[in-house]
Protein chains: 2
Amino acid sequence: MSPNPLNELGSLGDYLREQRQSAKLSLRQVAELAGISNPYLSQIERGLKRPSAEILQQLAKGLEVSAESLYVKAGILDEEFAHDPEALDVRRAISHDARLTARQKKTLLDVYDSFVEDLDSAPAKTPATTRTPR
Amino acid sequence: MSPNPLNELGSLGDYLREQRQSAKLSLRQVAELAGISNPYLSQIERGLKRPSAEILQQLAKGLEVSAESLYVKAGILDEEFAHDPEALDVRRAISHDARLTARQKKTLLDVYDSFVEDLDSAPAKTPATTRTPR
DNA sequence: GCATTTTGCTAACTAGAGCAAGCATACTTA
DNA sequence: TAAGTATGCTTGCTCTAGTTAGCAAAATGC
């Protein structure tokens, strides 16, 4: 059932270990800085356990990286979302708007697509289906 | 020990229950949409259990709100971080889109505004204190 | 009136996050 | 060489997130 089996987990662990080693810190040091136990950190780095968001927050603090970047690697946050959205994209903005229902999003996206379709010379774009950005 | 004892938890639960009721859905319906058990959702709404980020993701999908907004209420994401990319950015993205004519922009903005206008009674981002109970 | 469904909830259980204690190997320093 | 320490890891354990089964009260139908 778990949507992020161990792929993303391993990637997260690798990233954490890289960060720790490039900072020349031991497992115990980072564990202490983050306020978690060192055996547990060891298991996280090797992808054996799946840390909660709370633990990720503490680890981010200890490693001096952003919590959001860890969330992204753990698969609980969209990458696009973490990247500060200076680059504005209408489709993306619409699909992330918490105030819109799914149906309203589809309506807006369809309208938008119909507008831009006209100027894309003759693209024969996919008409109605909501294309998930990503 | 836990940094977010039950304060933020209660706020999250209240928010979830408000969203569900304003959508006129039962516990079981939302639980099914989100793919979680209904007793568990009941406990989350009453602030008795602390859902993981994964569960919050599924709940966001079922309730058609952004996962990030739930993360904020659960205390695992900074408010500022989730703030900007929502309401503001849709309007801004539209008005900055070079592919749209002025008239098309106005159309899209009008549609968008009409959508979010309806939400005044059921706001997606309550200031957490003022609850307008219809 | 009584039966059926729908509502939210309680109780008992399972699985896994996160912990303290301890182990084996490598690196010091005397 | 041997004593001391730092490294990462394994072993059990506790606690709680999340489950299934089932309850009492409210709504709906016959």
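To find a chain, count down the sequence lines: A is the first, B the second, and so on, and within it residues start at 1.
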- Query: What's the spacing between Gln21(B) CD and Leu27(B) CG if we round to 0.5 Å?
  - Reply: 8.5 Å
- Under the side chain to side chain contact (heavy atoms under 4.5 Å, CB included) test, which residues partner Gln29(B), sequence neighbours left out? Leu25(B), Ser26(B)
- Note on the structure: Residues at least two apart in sequence or cross-chain that pass side chain to side chain contact (heavy atoms under 4.5 Å, CB included) with Glu64(B), listed by chain then number, are Thr101(A), Ala102(A)
- For atom CG of Leu48(A) and atom P of dC9(D), their distance in whole Å: 9 Å
- Item | Along DNA chain D (nearest heavy atom to each residue), the more 5'-positioned of Pro39(B) and Ser52(B) | Ser52(B)
- Item | Residue mapping more 5' on DNA chain D - nearest nucleotide basis, Tyr40(B) or Ser26(A) | Ser26(A)
- Message: Quick check on contacts: within residues 28-38 of chain A, what sits under 4.0 Å from DNA chain D by heavy-atom distance?
- Response: Arg28(A), Asn38(A)
- Rounded distance in Å - CD (Glu45(B)) to P (dC9(C)): 7 Å
- Task: Could you tell me whether the phosphate oxygens of dC9(C), OP1 or OP2, come under 4.0 Å of any side-chain nitrogen or oxygen in Ser42(B)?
- Result: yes
- Rounded to the nearest angstrom, tell me the gap between atom CG in Leu25(B) and atom C1' in dT6(C). 14 Å
Could you go through residues 36-44 of chain A and list every donor-acceptor pair under 3.5 Å that involves a side-chain atom there, pairing it with any protein atom two or more places apart or in another chain?
unit_1	atom_1	unit_2	atom_2	d
Ser37(A)	OG	Tyr40(A)	N	3.4
Ser42(A)	OG	Arg46(A)	NE	3.3
Ser42(A)	OG	Arg46(A)	NH2	3.1

- Query: Given Leu70(A), which of Leu63(A), Leu16(A), Ile76(A), Ile55(A) fulfils the side chain to side chain contact (heavy atoms under 4.5 Å, CB included) condition?
  - Reply: Leu16(A)
- Which residues pass the side-chain hydrogen bond (donor to acceptor under 3.5 Å, both in side chains) test with Tyr112(A), sequence neighbours left out? Asp97(B)
- Contacts of Lys106(B) that satisfy side-chain hydrogen bond (donor to acceptor under 3.5 Å, both in side chains) - sequence neighbours left out: Asp110(B)
- Nearest-Å distance for atom pair CD1/C1', residues Ile44(B) and dG8(C): 15 Å
- Task: Would you kindly give the CD-to-P distance between Gln58(B) and dA17(D), to the nearest whole Å?
- Result: 16 Å
Give every pair of a protein N or O atom and an N or O atom of nucleotides 14-16 of chain C that lie under 3.5 Å apart, one pair per line with the distance.
none

- Residues which pass side-chain hydrogen bond (donor to acceptor under 3.5 Å, both in side chains) with Ser66(A), listed by chain and number, not counting sequence neighbours: Ser69(A)
- Task: Take the protein atom CG of Leu27(A) and the nucleotide atom P of dG18(C), then report the distance between them rounded to whole Å.
- Result: 16 Å
- Message: Under 4.0 Å between a side-chain nitrogen and a carboxylate oxygen: does that hold for Asp14(B) and Lys73(B)?
- Response: no
- Whole-Å distance between dT6(C) C1' and Arg20(B) CZ? 13 Å
- Nearest-Å distance for atom pair CG/P, residues Leu41(B) and dC9(C): 9 Å
